[in-house]
Amino acid sequence: MKKIIPPITPLASLVYSVTQQIPRGRLSTYGAIAQAIGRPRAARAVGQALNRNPYWPVVPCQRVVGSTGQLTGFATGLNKKRQLLQQEGIVIKNNCVTDLARVFYQPHL
DNA sequence: CGTGTGACTCGGT
DNA sequence: GACCGAGCCACAC
């Protein structure tokens, strides 16, 4: 059986690298990651990279949320994402992180 | 090479 | 806080 090998782009590689460093119980935002890889305006590209993320759960993409704390995306189900975050002690309400103080990088503050 | 799309963000109303 | 529009980046076709 053939294994699908998603094309890993240089940008995606950087995204994984940064996302991978997010400690347990911490969060980050797409914009923050974009900034961390040197593309502060590439938040969308970051999202695409995570969407194609082949290294899971090596890359804790569940710890990446929107700048407003909104849980977005997650191909395997947003429901799963919420569960994983709660499992790390993060309080979530209505698909939104209520504790943005746990954000690793906080660009909006 | 132009167009469309997406797990985004910001500013104005 | 919500809605809308525009800017921005990378990728697939």
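Sequence lines set the chain letters: A, B, ... in the order given, protein chains first and strands last, and positions in each chain run from 1. All values below come from the heavy atoms of this structure, side chains included, with hydrogens, waters and symmetry mates left out. Quick caveat, the model's predicted, so the values are computed rather than measured.
In this structure, CG of A:Leu78 is placed 16 Å from P of B:dG6, rounded to the nearest angstrom. Between A:Leu50 atom CG and B:dC8 atom C1' there is a gap of 12 Å when expressed in whole angstrom units. Note: CD (A:Gln48) to C1' (C:dC11) measures 6 Å, nearest angstrom. When the C1' atom of B:dA7 is taken as reference, atom CD of A:Gln62 falls 13 Å away, rounded to whole Å. A:Asn95 has its CG atom 15 Å from the P atom of C:dG1, to the nearest Å. Straight-line distance from the CG atom of A:Asn51 to the P atom of C:dC11: 13 Å, rounded to whole Å. For A:Gln70 and C:dG1, the CD to C1' distance is 13 Å, given to the nearest whole Å. Separating the CG atom of A:Leu14 from the P atom of C:dC11 is a distance of 11 Å, rounded to the nearest angstrom.
Among B:dC10, C:dC9, C:dC11, the nucleotide with an atom closest to any side-chain atom of A:Ser67 is B:dC10. Residue A:Ala45 has its side chain nearest to C:dA10 when only C:dA10, B:dA7, C:dC8 are considered. Of the candidate nucleotides C:dA12, B:dT9, B:dA7, C:dA12 has the atom lying nearest to any side-chain atom of A:Arg52.
A:Thr68 comes within 4.0 angstrom of no nucleic acid atom, judged by non-hydrogen atoms across all strands. When heavy atoms are screened at a 4.0 angstrom cut-off, A:Leu11 is found touching the sugar-phosphate backbone but no base atom. If you check every strand for non-hydrogen atoms under 4.0 Å, A:Arg39 touches sugar and phosphate atoms only.
For A:Gln86, the CD atom sits in a packed shell: over 12 heavy atoms of surrounding residues, nucleotides or ligands are nearer than 6.0 Å.
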Is there a side chain to side chain contact (heavy atoms under 4.5 Å, CB included) between A:Tyr30 and A:Leu50? Walk through the geometry before answering.
CA-CA 10 Å; A:Tyr30 298 98; A:Leu50 289 177; 3.7 Å; yes

Verify side chain to side chain contact (heavy atoms under 4.5 Å, CB included) between A:Val64 and A:Ile22, making sure each step is shown before the conclusion.
CA-CA 9 Å; A:Val64 184; A:Ile22 304 176; 4.1 Å; yes

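For a distance-only test at 3.5 Å, the side chain of A:Arg44 qualifies as a donor-acceptor partner of the base of C:dG7.
Listed for the A:Glu88 side chain is a donor-acceptor partner under 3.5 Å among the backbone atoms of A:Gly25. No side-chain donor-acceptor contact under 3.5 Å links A:Gln62 to the backbone of A:Arg82.
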